[in-house]
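Notes follow once the structure below has been shown.
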Amino acid sequence: MIIENIGPVRHLTLNRPARRNALDSKSIEELAQTLQDADRDPTVRAIVLSGAAPAFCSGSDLKELSTMSIQEMCDSELETAEVARSIAGLSKPVIAAVEGFALGGGFVLAISCDIVVTASNVRWHLPEVPNGWLPPWGLQALLARVGAVRARILTWAADVIDGNEAHRLGVADYVTEPECANRNALALAQRLAALPPDAITSTKRFFEPFVTHDGERLDRLATQHFASNCEGGTAQALLSKFKVK
């Protein structure tokens, strides 16, 4: 994780470019800690989360998951889910700056942030169903943004969408020219940081129940489906490709 303070804004950058910033156990633990540290720091008024080029995040690290039992995979995904849900509970606004692509868990991590800024050429996609399983966490965040019918279509991976379509659907809140998402997200964070912090926090607290409604239970339900799906041939065939030979 790269950590940079820009005035009252803390910029956090996922930094596993060789793995397209895939989320493994270490990076999830680091993300959880850096988010909590930023929230506790009185000099920080807003947080921007981005990914080192070429991507925001490619989702869960299948190379790591493929070494685990199904129960271990479920435990790992529930830990990731808890970190993503925690963003809504922070006292400070968190803005995702999305460049390159946001796939699977990376898609859901981005939309778990309070505000999403996407470049117009970003590739947004949920590939889990074609891989053989239901996304194991974060679908409540998608429901909160686009509604149940559109969330179902996106989860079925019927469409790979770009940043413009993500903005039109409500997956993202702002769309920028390519390579401008970080700059625009940081500028937005500076504007939010200039507002009265107590009012910013109160706004998050008021809307949190609507954004995260029943999220923990739904993540656990999705993970149960995920576990069942991972016993199937399609999922097993894919995971076997990532195992160390």
Side-chain angles (χ1 to χ4, degrees), residues 1-2 11-24 27-28 31 48-65 77 80 84 87 94-139 141-147 149-186 188 226 234-235 238-239 241-242:
M1 182 76 71
I2 299 171
H11 187 192
L12 307 177
T13 304
L14 302 171
N15 190 33
R16 298 185 73 211
R19 295 290 298 150
R20 305 298 191 263
N21 302 320
L23 301 170
D24 65 353
S27 61
I28 283 296
L31 175 60
V48 171
L49 178 63
S50 63
F56 175 75
C57 177
S58 59
S60 297
D61 192 332
L62 294 181
K63 188 173 183 180
E64 181 183 67
L65 289 181
E77 294 294 342
T80 306
I87 292 172
V94 181
I95 303 170
V98 184
E99 294 277 2
F101 49 84
L103 307 179
F107 184 126
V108 179
L109 177 61
I111 65 172
S112 297
C113 294
D114 301 306
I115 301 172
V116 179
V117 179
T118 180
S120 59
N121 63 343
V122 169
R123 183 172 179 258
W124 291 84
H125 194 217
L126 292 170
E128 287 89 343
V129 168
N131 288 346
W133 57 77
L134 179 74
W137 56 274
L139 291 176
L142 187 59
L143 285 164
R145 283 186 165 270
V146 304
V149 172
R150 178 57 62 180
R152 183 175 59 193
I153 292 173
L154 290 170
T155 304
W156 275 334
D159 304 297
V160 177
I161 59 175
D162 65 11
N164 288 317
E165 183 68 359
H167 178 244
R168 187 186 73 82
L169 294 174
V171 170
D173 304 295
Y174 297 90
V175 61
T176 76
E177 293 298 318
E179 301 182 10
C180 292
N182 277 340
R183 184 180 67 195
N184 286 30
L186 288 166
L188 176 57
F226 168 77
T234 301
L238 178 71
L239 290 169
K241 294 179 181 179
F242 287 87

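All values below were derived from every heavy atom in this structure, side-chain atoms included, with hydrogens, water molecules and symmetry-related copies excluded.
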_Spacing of Leu126 atom CG and Leu154 atom CG [to the nearest 0.5 Å]_ = 6.5 Å
_Please evaluate residues Leu186 and Arg183 with respect to the criterion side chain to side chain contact (heavy atoms under 4.5 Å, CB included), reporting the C-alpha separation (whole Å), side-chain torsions for both, the decisive distance (0.1 Å), and the verdict._
CA-CA 5 Å; Leu186 288 166; Arg183 184 180 67 195; 6.0 Å; no
*Can you tell if the side chain of Tyr174 reaches within under 4.5 Å of the side chain of Leu188, non-hydrogen atoms only?*
yes
*Search all heavy atoms of Ser120 against all heavy atoms of Pro178 and return the closest pair with its distance.*
OG-CD, 3.4 Å
*Check: Ile161 and His125 side chains under 4.5 Å, non-hydrogen atoms*: no
*Distance in Å, Cys57 SG paired with Leu14 CG, rounded so as to fall on 0.5 Å steps*: 6.0 Å
*Using modelled atom types only, decide if a donor and an acceptor are shared between the side chain of Asp114 and the backbone of Ile95 within a distance under 3.5 Å.*
no
*Do the side-chain N and O atoms of Trp124 and Thr118 include a donor-acceptor pair separated by under 3.5 angstrom?*
yes
*What closest approach, in Å, do Arg20 and Pro54 show between heavy atoms, and which atom pair accounts for it?*
CD-CG, 3.5 Å
*For the residue pair Thr234 and Asn131, establish whether any side-chain heavy-atom pair is separated by less than 4.5 Å.*
no
_Quick check: do Leu142 and Phe107 have side-chain heavy atoms less than 4.5 Å from each other?_
yes
*If you take all heavy atoms of Leu134 and Glu128, which pair is closest and at what distance?*
C-CB, 4.4 Å
_Test side chain to side chain contact (heavy atoms under 4.5 Å, CB included) applied to Val94 and Val48, step by step_ = CA-CA 6 Å; Val94 181; Val48 171; over 6 Å; no
*Do Ile111 and Cys113 touch side chain to side chain, with heavy atoms closer than 4.5 Å?*
no
*Mark yes or no for whether Asp162, through its side chain, and Asn164, through its backbone, hold a donor-acceptor pair below 3.5 Å.*
yes
*Does the side chain of Ser50 pick up a donor-acceptor pair with the side chain of Glu99 at under 3.5 Å?*
no
*Would you check if Leu49 and Phe56 make a side-chain contact, meaning some heavy-atom pair closer than 4.5 Å?*
yes
_Shortest non-hydrogen separation from Ser27 to Ala22 and the atoms involved_ = OG-O, 3.8 Å
_Let's go through Leu238 and Trp133 carefully: what are the C-alpha distance in whole Å and the side-chain angles of both, what is the deciding distance for side chain to side chain contact (heavy atoms under 4.5 Å, CB included) to 0.1 Å, and is it a yes or a no?_
CA-CA 11 Å; Leu238 178 71; Trp133 57 77; 3.5 Å; yes
*Any chance you could measure Met1, atom CE, to Leu12, atom CG, to the nearest 0.5 Å?*
5.5 Å
_Are Val117 and Thr176 packed together at the side-chain level, in the sense that at least one heavy-atom pair is separated by less than 4.5 angstrom?_
yes
*Salt-bridge test for Arg19 and Asp61: reply yes if a basic N is under 4.0 Å from a carboxylate O, no otherwise.*
yes
_So, taking the atom named CG in Leu65 and the one named CD in Glu77, what distance separates them when rounded to the nearest 0.5 Å?_
5.0 Å
*asked:* Side chains of Thr155 and Arg152, heavy atoms from C-beta outward: is any pair under 4.5 Å?
replied: no
*asked:* What I want to find out is whether Lys63 reaches Asp24 closely enough, with some N-O distance under 4.0 Å, to be called a salt bridge.
replied: no
_I need the minimum non-hydrogen distance between Trp137 and Leu109, along with the two atoms involved._
CH2-N, 4.1 Å
*Please report the shortest heavy-atom distance between Ala151 and Leu143, naming the atom on each side.*
CB-CD2, 4.1 Å
_Tell me whether Asp173 is salt-bridged to Arg145, with the criterion being a basic N under 4.0 Å from an acidic carboxylate O._
yes
